[in-house]
Amino acid sequence: MSSKYKIILSISVLAIVAIVIYIFSTNYTWLYDDINYQFNLAADSMYQRINSISDIFASQWYHYFNVNGRYIAHWIVQLFCGLLGQQAFSICNALAYIVFILLVLKLGGGDFKKPLAVLSTSLLT
């Protein structure tokens, strides 16, 4: 099997993973925290939605001192839930999975030119 064909197979495996993750992320119904993080926690009204990046900073400032300290993670959550939406999240989630699989493959000493290694890493991930 040629090297070019092996790379095409590896890319195909990663493409299938990305498509599956995208479909799962798109079809998942946002509930509870997904909805709660659409709102500005620092606003006077508890029903004021996130409308800008500055709203996220204000909301997370309040969140950091009054709820918990996971500022960066929840800032990203509010970015997607409040501003960018589920479609953008689905695309970024699929890309993040691919990057994670490639990092695990590299850390495990695998080779991208070995489709079986990419498939194994993808399935285990």
Side-chain angles (χ1 to χ4, degrees):
M1 191 179 321
S2 73
S3 178
K4 186 176 180 180
Y5 184 70
K6 289 179 180 180
I7 291 173
I8 291 171
L9 280 175
S10 294
I11 291 172
S12 299
V13 168
L14 293 177
I16 290 169
V17 169
I19 291 167
V20 168
I21 295 301
Y22 173 80
I23 290 170
F24 286 168
S25 298
T26 301
N27 291 320
Y28 176 78
T29 304
W30 280 8
L31 303 168
Y32 309 114
D33 281 348
D34 306 321
I35 294 170
N36 290 336
Y37 280 110
Q38 293 178 4
F39 297 97
N40 187 343
L41 300 171
D44 294 331
S45 168
M46 63 186 279
Y47 299 110
Q48 182 179 343
R49 287 184 162 273
I50 298 281
N51 293 316
S52 66
I53 297 290
S54 62
D55 284 349
I56 297 174
F57 282 109
S59 179
Q60 283 308 303
W61 183 262
Y62 177 85
H63 192 272
Y64 181 82
F65 288 108
N66 297 300
V67 181
N68 66 36
R70 294 179 291 190
Y71 185 89
I72 295 172
H74 286 134
W75 196 96
I76 294 168
V77 169
Q78 284 200 303
L79 177 68
F80 282 110
C81 291
L83 289 179
L84 301 178
Q86 192 168 5
Q87 190 73 15
F89 170 76
S90 298
I91 293 167
C92 289
N93 197 28
L95 293 173
Y97 263 86
I98 299 306
V99 169
F100 181 65
I101 289 167
L102 292 172
L103 288 172
V104 170
L105 181 68
K106 182 176 175 81
L107 184 65
D111 186 9
F112 185 72
K113 294 179 183 177
K114 295 181 180 175
L116 191 56
V118 174
L119 179 63
S120 299
T121 305
S122 299
L123 290 174
L124 290 172
T125 303

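Sorted by first and then second residue, the side chain to side chain donor-acceptor pair (under 3.5 Å) pairs involving residues 81-90 (not counting sequence neighbours) are Tyr22-Gln87, Thr26-Ser90. For the side chain to side chain donor-acceptor pair (under 3.5 Å) condition, no pair includes a residue of residues 115-125, sequence neighbours left out.
With sequence neighbours excluded, no residue satisfies ring pair (Phe, Tyr, Trp, His ring centres under 6.0 Å) with Phe39. Partners of Tyr62 under the side chain to side chain contact (heavy atoms under 4.5 Å, CB included) rule, at least two apart in sequence or in another chain, are Leu41, Ala42, Asn66. Under the side chain to side chain contact (heavy atoms under 4.5 Å, CB included) criterion, Ile7 pairs with Ser3, Ile11, Phe112, Lys113, sequence neighbours left out. For Gln60, the side chain to side chain donor-acceptor pair (under 3.5 Å) test picks out Gln78, with sequence neighbours left out. Residues forming a side chain to side chain contact (heavy atoms under 4.5 Å, CB included) with Ser52 (at least two apart in sequence, or on another chain): Ser54, Asp55. For Tyr47, the ring pair (Phe, Tyr, Trp, His ring centres under 6.0 Å) criterion is met by no residue, not counting sequence neighbours. Evaluation of the side chain to side chain donor-acceptor pair (under 3.5 Å) rule for Gln38 yields Arg49 as partners, not counting sequence neighbours. Shown here are the ring pair (Phe, Tyr, Trp, His ring centres under 6.0 Å) partners of Phe89, two or more places apart in sequence or in another chain: Phe80. Evaluation of the side chain to side chain contact (heavy atoms under 4.5 Å, CB included) rule for Ser12 yields Ile8 as partners, not counting sequence neighbours.
When the side chains of ILVMFWY residues are joined at heavy-atom separations under 4.5 Å, either directly or via intervening members, Leu116 and Val104 end up in two distinct hydrophobic clusters. A continuous path of Ile, Leu, Val, Met, Phe, Trp and Tyr side chains, each step under 4.5 Å between heavy atoms, connects Ile50 with Trp75, placing both in one hydrophobic cluster. Connection of Leu84 to Tyr28 is established within a shared hydrophobic cluster, with ILVMFWY side chains joined at heavy-atom distances below 4.5 Å, either directly or through further cluster members. Residues Tyr97 and Phe100 do not share a hydrophobic cluster, clusters being chains of Ile/Leu/Val/Met/Phe/Trp/Tyr side chains in contact below 4.5 Å. By the criterion of side-chain heavy atoms lying less than 4.5 angstrom apart, applied directly or through intervening Ile, Leu, Val, Met, Phe, Trp or Tyr residues, Leu102 is not grouped with Leu9; the two fall into different hydrophobic clusters.
Residues Ser10 and Pro115 share a closest heavy-atom pair of OG-CA, 3.5 Å. The two residues Leu83 and Ile56 come nearest to each other via the heavy atoms CD1-CD1, 3.8 Å.
Between the NZ atom in Lys106 and the CG atom in Asp111 there is a gap of 10.5 Å [rounded to 0.5 Å]. We find the CG-CD1 distance between Leu124 and Ile101 to be 10.0 Å, quoted to the nearest 0.5 Å.
Judged by distance alone, with hydrogens and angles left aside, the side-chain atoms of His74 form a donor-acceptor pair with the main-chain N or O of Arg70 at under 3.5 Å.
Residues Ile98 and Ile21 have side chains not in contact (no heavy-atom distance under 4.5 Å, counting atoms from C-beta outward). Taking the side chain as every heavy atom from C-beta outward, Tyr71 and Phe65 never approach each other to under 4.5 Å.
Residue Val99 is found in a hydrophobic cluster whose other members, listed by chain and number, are Leu103; membership requires side-chain heavy atoms under 4.5 Å apart, directly or through intermediates.
Counting heavy-atom neighbours within 6.0 Å of Leu123 CG, excluding the residue itself, gives a total above 12.
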